[in-house]
Amino acid sequence: MADRTSSPPPRPDSAPARSWWGWGALDQALPDAECASLAGLVHGAAESALPVPSIASLELPAVRVSAPAAFAHLVSSAPADRAAHTYGKAFRDVVRALYGDMAAAPDLVARPRDERDVVDLLDWAAGADVAVIPYGAGSSVVGGVEYRAGDHSGVLSLDLSGLDRVLEIDQVSRAARIQAGVLGPDLEAQLRPHGLTLRHFPQSFAFSTLGGWLATRAGGHYATLHTHIDDLVESLRVVTPSGVSQSLRVPGSGAGPSPDRLFLGSEGTLGIITEAWMRLQDRPAHKASASVVFERFPAAVNAVRAIAQSGLHPANCRLLDPGEAALSGVAAGGGSVLVLGVESAHGPVEGRLAELVALAREQGGSPVEEASGDGDSAAGTWRSAFLRMPYLRDGLARMSVISETFETACTWDRFPALYEAVHRDVGAAVRKVTGASGLINCRFTHVYPDGPAPYFTVIAPGRRGAEVAMWDEIKAAAMEVLGEQGATVTHHHAVGRDHRPGYDRQRPEPFALALRAAKQALDPAGILNPGVLFDAATA
């Protein structure tokens, strides 16, 4: 086909040097002085920053298993590789790394070059009783890449970063066949010469992969309509210990339960996603944004509900409650801020933005800015703070400040009670655990006609040496509140191991039986990411 492009030019090497212990790029981590300055905002923070241990100083457990000589060029047991693949990037992961706790380190790290390598490595692991932990870029904040329990003879971290190419582009259907290990920036760089984009930008965009997004059902750029990576999938190719699953590439199908839906969100416990055909878009040429301030948060919530139910589908519709607005530097006057954005590849968007602002004004909102693009707007300020926040979280962790985020979704009728319960019950847990009130803030990351996806942030002083236990207790309280209020245990962070208790209560029992049967059929040796989503014997 003349309009189909195979084997695009090699992708650029755009990935910055990564931190082994914390979030993101090494050169973006906060220095000690900035950590101390940041912690000055939290009464009761430690007086000095925890030092970052060197790789050489770490006491890694002995390697228990060796791979066959045929895999020598793919497998490493080097301390730097093992340390970097031990944890994800949750608060408890960062703190344990800072304390040099490497008890969960994998024995080996494998970097397959192609799908054949993945098949061969799984065949060997199944025969050798080696647990396999799929690893995209390690940005999990729910314990999704950490081996915590089991009696396997060894643990292999399967790093898919070598599968990083856009293999084929179908210009006519506006889709591409993409390997699962490609990082967000490298994916967009390969699509840009064709005038196309996936337009999926989670907070972890620079440090996460397509396969990771698919395996965790990641939420992305769009606050409405196409909110999850699920919406952009045409078909998946998945390697399981029982064979390779390749779904039919079609725009839609009513042929029974969807095979893609089985693997979307399966977090590597049913198979390894190696490729996907993804729906693309023309790159937007027209953008506009505005911010609206509300004196009362309930009025702001009503405005967002009206917008979500209007059918106008803004690309950005982030509501920040007063605490979140102040923390992000968007507003300091005690008001809530609604950040709106619209975009199009084909025509002006100012009219649609005006309609959205009018809906917000009807609920008592006061527009403070309407601009073409972001520039120095509230949208730009919010986005900068949003991308910088994980580095600030790491800086707070070094000062023994507890920082927890949890996101959920509920129907509009339940949100007021959920918001109140989080502040009351999680707030009580924070006071009990830390002896301080701390901060509890909220923003909407995505919104639907029938409900919002609230994202809560908790910040409170911790006690040096007890940070993980304190975080665990606050996390448990948050999960209890979500369950009691009829909200989901997660909207886009996945289940992993940290959300298992809430997920176990949320899912229907017949579905648990079906998952266990699928696990037994696809992974009879039980080697794939054990402990994620369910335990095979007790799901």
Side-chain angles (χ1 to χ4, degrees), residues 18-55 57-58 83-84 86-102 138-143 203-204 207 323-324 326-329 332 384-406 426-427 429-443 455-478 498:
R18 295 286 302 278
S19 169
W20 73 267
W21 63 272
W23 182 264
L26 273 174
D27 62 1
Q28 295 298 309
L30 273 62
D32 289 5
E34 192 172 349
C35 290
S37 176
L38 180 66
L41 303 175
V42 182
H43 180 70
E47 295 183 357
S48 61
L50 284 168
V52 177
S54 65
I55 296 290
S57 70
L58 298 176
T86 299
Y87 299 126
K89 303 302 180 187
F91 174 86
R92 71 191 320 271
D93 302 334
V94 170
V95 170
R96 286 181 294 168
L98 288 171
Y99 280 111
D101 177 3
M102 292 286 110
S139 62
S140 171
V141 292
V142 294
Q203 187 178 38
S204 62
F207 307 106
E324 187 71 10
L327 185 67
S328 301
S384 297
F386 174 71
L387 295 175
R388 187 62 178 158
M389 189 57 69
Y391 295 103
L392 301 181
R393 187 282 310 267
D394 285 0
L396 289 172
R398 294 188 61 200
M399 301 302 297
S400 297
V401 173
I402 308 296
S403 178
E404 161 60 354
T405 61
F406 59 97
V426 177
V430 169
R431 289 189 293 274
K432 174 186 174 185
V433 171
T434 71
S437 296
L439 300 174
I440 300 179
N441 299 331
C442 178
R443 69 176 184 267
Y455 188 111
F456 294 94
T457 298
V458 180
I459 300 174
R463 292 187 300 278
R464 181 139 292 177
E467 299 96 332
V468 171
M470 297 171 77
W471 183 92
D472 285 345
E473 192 168 343
I474 293 170
K475 182 75 169 181
D498 293 343

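Under the side-chain hydrogen bond (donor to acceptor under 3.5 Å, both in side chains) criterion, the residue pairs touching residues 39-55 are S54-S57, with sequence neighbours excluded. Pairs passing the salt bridge (Lys or Arg N to Asp or Glu O under 4.0 Å) check and including a residue from residues 386-396, sequence neighbours excluded, do not occur.
To the nearest 0.5 Å, atom OG1 of residue T434 and atom CD1 of residue I402 are 8.0 Å apart. How far OG of S139 is from CZ of R18: 7.5 Å, rounded to the nearest 0.5 Å. Rounded to the nearest 0.5 Å, atoms CE (M389) and OG1 (T405) are 10.0 Å apart.
A search for side chain to side chain contact (heavy atoms under 4.5 Å, CB included) contacts involving A469 returns nothing, not counting sequence neighbours. Partners of R431 according to the side chain to side chain donor-acceptor pair (under 3.5 Å) rule, which considers only residues two or more places apart in sequence or in another chain, do not exist here. Legend: residues meeting ring-ring contact (aromatic ring centres under 6.0 Å, His included) with Y455, ordered by chain and number and at least two apart, are H493. The side chain to side chain contact (heavy atoms under 4.5 Å, CB included) check on A476 picks up nothing, with sequence neighbours excluded. Remark: K89 pairs with no residue by the side chain to side chain donor-acceptor pair (under 3.5 Å) rule, at least two apart or across chains. A search for side chain to side chain donor-acceptor pair (under 3.5 Å) contacts involving D93 returns R96, not counting sequence neighbours. For S19, the side chain to side chain contact (heavy atoms under 4.5 Å, CB included) partners two or more places apart in sequence, or in a different chain, are W21, L26. Under the side chain to side chain donor-acceptor pair (under 3.5 Å) criterion, S204 pairs with S208, sequence neighbours left out. With sequence neighbours excluded, the residues forming a salt bridge (charged side-chain N to carboxylate O under 4.0 Å, His left out) with E404 are K475, listed by chain and number.
Between N441 and G323, the closest heavy-atom pair is OD1-CA, 3.3 Å. Nearest heavy-atom pair, P53 versus W20, reported as atom, atom and distance to 0.1 Å: O-CZ2, 3.3 Å. Across all non-hydrogen atoms, the minimal contact from V401 to A45 is CG2-CB, 3.6 Å. What you find for F91 and A397 is that their closest heavy atoms are CE1-CB, 3.8 Å. Contact detail for A83 and L58: the closest heavy-atom pair is CB-CD1, 3.7 Å. Between G22 and V94, the shortest heavy-atom contact is CA-CG2, 4.1 Å.
Annotation: side chain of L439 is not in contact with side chain of V458 (no heavy-atom distance under 4.5 Å). Taking 4.5 Å as the limit, some side-chain heavy atom of E467 sits within range of a side-chain heavy atom of L50. Counting heavy atoms from C-beta outward, L327 and I459 have side chains that approach closer than 4.5 Å.
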Would you give me the side-chain donor-acceptor pairs under 3.5 Å for residues 31-39, sequence neighbours excluded?
{"from": "D32", "atom 1": "OD1", "to": "R398", "atom 2": "NH1", "distance (Å)": "3.0"}
{"from": "D32", "atom 1": "OD1", "to": "R398", "atom 2": "NH2", "distance (Å)": "2.6"}

Decide side-chain contact (heavy atoms from CB on, under 4.5 Å) for D498 and W471; before the verdict, give the C-alpha distance in whole Å, the side-chain angles of both, and the deciding distance to 0.1 Å. CA-CA 11 Å; D498 293 343; W471 183 92; 3.9 Å; yes
Using the side-chain contact (heavy atoms from CB on, under 4.5 Å) rule, take L98 and V52 through it: C-alpha gap first, then chi angles, then the decisive distance, then the call. CA-CA 6 Å; L98 288 171; V52 177; 4.0 Å; yes
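Of the possible polar contacts, none joining the Y87 side chain to the V95 backbone as a donor-acceptor pair under 3.5 Å is found.
Below 30°, between 30° and 60°, or above 60°: for F207 and W23 the angle between ring planes is above 60°, a perpendicular geometry.
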